[in-house]
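Chain letters run A, B, ... following the sequence lines, proteins first and then strands; every chain starts at 1.
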Amino acid sequence: MPVITYRQALNQAFAEEIERDENVFLMGEEVAEYNGAYKVTEGLWKRFGDKRVIDTPISEAGFIGLGVGAAMMGLRPVMELMFWSFAYVAYDQIINNAGCVRYMSGGLINCPLVIRGPANGGTNVGATHSHTPENFLANTPGLKVVSPATPYDAKGLMKSAIRDNDPVCVMENTLLYGDQGEVPEGDYIIPIGVADVKREGTDVSLIAHGRAVLTALAAAHRLSEEFNISAEVVDLRSIRPLDEQTILDSVRKTHRAVLVDENKPFCGVSSQIASMIQEHAFDDLDAPVQRVCSLDAPAIYSPPIEIQQLPTADRVIQKVLAVCN
Amino acid sequence: MPVITYRQALNQAFAEEIERDENVFLMGEEVAEYNGAYKVTEGLWKRFGDKRVIDTPISEAGFIGLGVGAAMMGLRPVMELMFWSFAYVAYDQIINNAGCVRYMSGGLINCPLVIRGPANGGTNVGATHSHTPENFLANTPGLKVVSPATPYDAKGLMKSAIRDNDPVCVMENTLLYGDQGEVPEGDYIIPIGVADVKREGTDVSLIAHGRAVLTALAAAHRLSEEFNISAEVVDLRSIRPLDEQTILDSVRKTHRAVLVDENKPFCGVSSQIASMIQEHAFDDLDAPVQRVCSLDAPAIYSPPIEIQQLPTADRVIQKVLAVCN
Amino acid sequence: MSVARAEKPKTGSSPVDYAKAPINAKLKPEQKLGFLADMLRIRRFEQASLKLYQQGKMGGFLHLYIGQESVAVGTLALMGDNDHAITAYRDHGHALVVGMSMNECMAELLGKATGCSKGKGGSMHFFAPDKNFWGGHGIVAGQTPLGLGIAFALKYKGLKGCCLSYLGDGAVNQGVFHESLNLAALWDIPVVYIIENNQYSMGTSLARSSAIKSCLAERAAGYDMDWDIVNGENLYEVRAKTWEAMQRAHEKSQPTVLEIDTYRYYGHSVADANAKKYRKPEEIEFYKQNHDPITLWENRLKEEGIADDAVIKKIDDEAKRETAAAVQFAEDSPFPELQDIFDDIYQEVDMGTEAGKTGRHFFND
Amino acid sequence: MSVARAEKPKTGSSPVDYAKAPINAKLKPEQKLGFLADMLRIRRFEQASLKLYQQGKMGGFLHLYIGQESVAVGTLALMGDNDHAITAYRDHGHALVVGMSMNECMAELLGKATGCSKGKGGSMHFFAPDKNFWGGHGIVAGQTPLGLGIAFALKYKGLKGCCLSYLGDGAVNQGVFHESLNLAALWDIPVVYIIENNQYSMGTSLARSSAIKSCLAERAAGYDMDWDIVNGENLYEVRAKTWEAMQRAHEKSQPTVLEIDTYRYYGHSVADANAKKYRKPEEIEFYKQNHDPITLWENRLKEEGIADDAVIKKIDDEAKRETAAAVQFAEDSPFPELQDIFDDIYQEVDMGTEAGKTGRHFFND
Ligand SMILES: Cc1ncc(C[n+]2csc(CCOP(=O)(O)OP(=O)(O)O)c2C)c(N)n1
Ligand SMILES: Cc1ncc(C[n+]2csc(CCOP(=O)(O)OP(=O)(O)O)c2C)c(N)n1
Ligand SMILES: [Mg+2]
Ligand SMILES: [Mg+2]
């Protein structure tokens, strides 16, 4: 299988879906002539032209709302937020219009909209640019939320998102865009709502989404090398819908869970997972479910400090050792 | 002690703080000449005039941002959102400016701002008007969030919020505005970050905030009458900062917890509480922590159905019976 | 200020006889009677809904359109196959004019399963995509970029149409409306923004909410966009100027902002206890006496010899009959079931597709 | 289009000699030399910061102000005790002109504990409330209502001052800016919005981002607000027109929107790999050759006989020396400690007040 970057995998998904369906178009700030602030849409404007790849002014509420309206009419807009952090100027459009219009119309309308962009800390862009709102978005019945951790998942989930008849929020990560991985050429999809066991293990379940999956894998590797502990790594891939079965199967096997989550702790995704696990696998747990989140402060700029603000393999290992003794 | 409504209690808090501190002013849509959409600010404009009680155009992002700027300059704006649901058009101002400006300035700035208004379902105003964003707001280090359930707490917490030197979000409830209760005349405050055991019990801890506290109390009453179960009711009052000690003390006494929460389930406040309890009181729990949230759908209009969408005493009782058998 | 304006409507004094405008000149008498019928249907429907609300048979908000009927009728009756419409929460009039039945609308108000939104949306959320009507939206100005997107989709598909996008005079101060204006002008989107200026946003008069030069629509000039101001009590003028804007959208794919002066008789919503505090009762009376769009149109029809009192009464009786039947239908209809709460959230789930069955979608236990 | 505009700047051809404007006529030679010094300090500071960035000693974004120096110097030097300022992320120039030290600014860029924001804010977030400078804000136009609030507070306190609130040409299309304009005009808030029109928002030219009539500032007309357009390369014109707006704020408590034409030489940020793709290299060269604000001011000072090459060199050498010292200071300074992450979030916690000790504020284990 060809090895390409996460960025290229997304780019392939866009190109293939634009060719497959005339209703698919990309829109966002600098996505066309500039090739994307992070080059995710590189070459697509040249290839598909003004109609299918569209640059916008800095008006997120306006163009996300435009996308919702266009989606109600049957188009399949793929809207880029240069950073998911900028969703907060368009929040009403995302939650109330994309998220609620189907319900309020009693099912007369559906909204096949994709909103995508990076949602991550760790790049020293400061507190306002480092938000990870997947927990909030997934709180909203009517929205779907996915968070690919690998190039393979990125392409497959993006294609599912574009074909989905409901609004899907795709949480990407600027720290992953350059990651390489095997990605099939041509068409394949990864269904939304299916988690993936990225590493099998027997002693503890590390449950994560997005970049935290890589942190979990790094921790799992060291746990086996240095501590002879066999950690299973479950990649949620999709936050809503959520593959609770795979999570519970893993925990019932390992009897221990450490959740790795780049959200801020209070009501982060891992709070929901922890709450769910203790509710449905109470008697299977040999220890409390533990969480490793971003340190609970706005994203700090200082580069050597911010890297420690995100979950690290060290912090994961400490938690695992605490529950595996 | 005089018995007044939740609405009047808030009104007293405003009047007393406006008189106490010349930097305090109220601002929002229809708060002045109209006396407030829900009459919470009734009479204040007449009494204190244009400078202290100010009507705004329908520009939440603009006037909340104005409030942040004014607070940076040392004023103490008390900003009303007619509904907290409208926070989503001002979300960037709340999260990034009110919530982050102190951090990004390395502590050079503080923002003594209050943002207040009702955040509740149950009034048949539809999905877009029934949001309860306390979980999201409390996710943000830099913001404080309180949610008074009674007239007494409403006045005391509002006064603390206005005097606090950091931004405080006060989550009120249109269904509580008419509730009556004993409220001292004159000055008293309830510190932010202190929960209140609203009813003592030994068999199970019902933990709630806002209107859900009343649901929990109703359930507790019936549990003792009909099932001879002694339920303790813990009112969080403050979401962030959070009084974890009182929660844990209660659970360590009763060994069972049922969380009652009008949030939508996914990453609702109760997910954080459940996760925290199982982490810190794992060995004290005789049963998994249970949650009773709003049914996981956008708020439905149909009056007889929406009332069942919110947590009901019946649903609380079922959960309690399930864990107390 | 508003009374002053009302005494001489900005454009009322205009010498132009809009009846002679081509779009009006070609009207057949039945059509003109049809306009009257629609205005009366709106008024009777809402008067009945008010009663039901007062009887406690409704929850939430009820925003009455009474007094503004000529705006919905004058504009929406111009819609062709590829023309679409979207408005805010004061949506009953628009819904009836685009052809939604009184039955489904009244049932929605009562929260019944037979309602246009199955009782899930209520008064603020009437929709009929099959009639090119996209709601019915509760967040002030939140619908304005949706209207832009609908018009964008028409252009994308190569269809010659437009989207009539309504908002109130208070809604112009939401930022997203301005973002929409810039996008519409920048990209030549065939959207027609119609500001229904009833001079108040809740209890706030225009003068207390908006800094303006001559009028609200003039803000469009800053985007190099066409705009006009319309005397809403004159059905012919409303039609002529709206059609001009629609033509601009159809032929040149260019946007317009229209500001139509009108007036609401009731409070902002039925819950508005102050309806007669922030404006003098005399002001309301003045409008009812001198500017009622239905009375003015009836007089016009009489002048034109198209209708006499008998004809008008017949039309009104029919509107009342239709209304009464709708009330009956709504009252007789069942409420949704509790489990219906979980339908109409995700289409994939509703359709039972593979995607709709994969993973947990709802987080109740 | 931008080159075309550049060839004859909108107002450059203006016959007015702004040097004669009272605010300029009374300038002493030292003050004029001070303006040159500040412009050179900005340029040298940023050239040094660029090196550090390229050496990998910085993270995140670095938005250079080089080419726009005359705007910050021409406007902010007019600030009196009760005048305040707030800008976006391209904030180094503003910071240095209001009197922040190169040391604290350079240290901030390197994320050091000695930085103006203790290394927590970085390039986009310089603040100096003691100098009436309120940042340094990363969300496009997010600072515009803050500027309004600062000016509101001045009026509330009865102080005669204003807030100079800067934004870019792309930022005008954020809705919150329009909400701010309406509020400013409606309530007579002494805010002066200064659009630094460098003709691009990232890679998007003004023509691709904004539908305008004659210019962006003209949008203020829709709010019945004063506005003007300024040739940013002429320091005297910048000062004269800004002072006029500040006077309007001081004396009449009325807002203004100024659009100052300028140009940035570098990419949007240093990470901008396309800086020479969305505009021709010749365009950049053209500006450097014909419109460099520092060169033009140097020539002016020579014409006026205030400075010769030697004087200018001395000033420049001093700027270089100060810059080198700042780099040294920044390099030598320590990074914050990991536990510092939890300071500067809640003032009550930082101060150790009762409120700061009550309940759990942070949710790490
Ligand atoms: C963002 C937002 N803010 C406030 C409200 C509450 N609200 C509903 S209607 C209204 C007044 C709107 O007035 P206008 O735009 O003139 O429309 P009209 O009611 O006159 O038809 C307000 C303040 C809302 N629904 N959404
Ligand atoms: C709400 C928001 N959207 C997008 C961005 C990303 N962004 C940062 S600066 C910028 C361009 C702004 O251009 P302009 O306003 O002209 O200011 P300039 O950079 O030219 O000084 C963009 C798109 C952002 N920071 N905030
Ligand atoms: Mg109105
Ligand atoms: Mg620019």
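- With contacts defined as side-chain heavy-atom distances shorter than 4.5 Å, the pair B/Arg240/D/Tyr346 qualifies.
- Contact of B/Thr140 with chain D is made through the backbone alone, with heavy-atom distances under 4.5 Å.
- Annotation for D/Glu354: atom CD does not count as buried by contact number, only 12 or fewer foreign heavy atoms lying within 6.0 Å.
- Of the possible donor and acceptor atoms, one in the side chain of D/Asp83 sits under 3.5 Å from a partner among the backbone N and O of D/Cys162.
- In this structure, the portion of B/Leu143 lying under 4.5 Å from any heavy atom of chain D is its backbone and not its side chain.
- Highest contact tally toward chain B, considering only D/Leu183, D/Asp340, D/Ile189, D/Asp365, is held by D/Leu183 [criterion: heavy-atom pairs under 4.5 Å].
- Within residues 21-31 of chain B, the residues having any heavy atom less than 4.5 Å from a heavy atom of chain D are, in residue-number order, B/Glu22, B/Asn23, B/Val24, B/Phe25, B/Met27.
- Rounded to the nearest 0.5 angstrom, D/Thr144 OG1 and D/Ile139 CD1 are separated by 12.0 Å.
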Run B/Ile207 and B/Val251 through side-chain contact (heavy atoms from CB on, under 4.5 Å) and show every step you take.
CA-CA 10 Å; B/Ile207 299 162; B/Val251 173; 4.1 Å; yes
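- Of the listed residues (B/Cys111, B/Gly142, B/Ala90, B/Ala138), the greatest number of heavy-atom pairs within a distance under 4.5 Å of chain D belongs to B/Gly142.
- Annotation for D/Phe45 and D/Cys105: closest pair CZ-CB, 3.6 Å, computed over non-hydrogen atoms.
- The only member of D/Asp344, D/Asp343, D/Asp350 that meets salt bridge (Lys or Arg N to Asp or Glu O under 4.0 Å) when paired with D/Lys118 is D/Asp344.
- Proximity of a side-chain donor or acceptor of B/Ser238 to a complementary backbone N or O of B/Gly193 within less than 3.5 Å is detected.
- Aromatic rings of D/His92 and D/Tyr65 (six-membered ring for Trp) have centroids beyond the 6.0 Å cut-off, not under it.
- For B/Thr246, no part lies near chain D; criterion is any non-hydrogen pair under 4.5 Å.
- Per-residue heavy-atom pair counts under 4.5 Å with chain D were compared for B/Asp243, B/Asn97, B/Val101, and the maximum is reached by B/Asn97.
- Here the CE-OG distance, from D/Met106 to D/Ser101, works out to 10.0 Å after rounding to the nearest 0.5 Å.
- Proximity to chain B (any heavy atom under 4.5 Å) is restricted, for D/Leu186, to the side chain, taken from C-beta onward.
- Here the SG-CG distance, from D/Cys116 to B/Leu108, works out to 8.0 Å after rounding to the nearest 0.5 Å.
- Both tests do not hold together for B/Lys155 against B/Tyr188: distance to the six-membered ring centre under 6.0 Å, angle to the ring axis within 45°.
- Contacts between B/Asn165 and chain D at a heavy-atom distance below 4.5 Å involve backbone atoms as well as side-chain atoms.
- Contact annotation for D/Leu159: neither backbone nor side-chain heavy atoms come within less than 4.5 Å of a heavy atom of chain B.
- When each of B/His280, B/Lys144, B/Met104, B/Arg163 is scored by its heavy-atom pairs under 4.5 Å with chain D, the top score falls to B/Met104.
- With a 4.5 angstrom heavy-atom cutoff, B/Gln272 touches chain D only via side-chain atoms.
- Across D/Phe363, D/Phe152, D/Tyr156, the residue that shares the most heavy-atom pairs under 4.5 angstrom with chain B is D/Tyr156.
- No other option in D/Gly142, D/Gly147, D/Gly356 has as many heavy-atom pairs under 4.5 Å with chain B as D/Gly142.
- Taking a cutoff of 4.0 Å between a charged side-chain nitrogen and a carboxylate oxygen, B/Asp153 and B/Lys198 qualify as a salt bridge.
- For chain B, the option among D/Trp187, D/Phe177, D/Phe126, D/Phe362 with the highest count of heavy-atom pairs below 4.5 Å is D/Trp187.
- When each of B/Glu279, B/Gln245, B/Gln93, B/Glu60 is checked for heavy-atom pairs under 4.5 Å with chain D, B/Gln93 comes out on top.
- Note on ring orientation: taking the six-membered ring where Trp is involved, the planes of D/His63 and D/Phe61 are tilted (angle from 30° to 60°).
- In this structure, chain D has heavy atoms under 4.5 Å from both the backbone and the side chain of B/Asp164.
- Listed options D/Ala128, D/Gly138, D/Pro145, D/Gly359 were ranked by heavy-atom pairs under 4.5 angstrom with chain B; first place goes to D/Pro145.
- Chosen from D/His137, D/Lys155, D/Lys157, the residue pairing most often with chain B at heavy-atom distances under 4.5 Å is D/Lys157.
- One N or O on the side chain of D/Glu108 and one on the backbone of D/Lys120 form a donor-acceptor pair closer than 3.5 Å.
- Counting heavy-atom pairs closer than 4.5 Å to chain D, the top residue among B/Ile192, B/Val68, B/Leu66 is B/Leu66.
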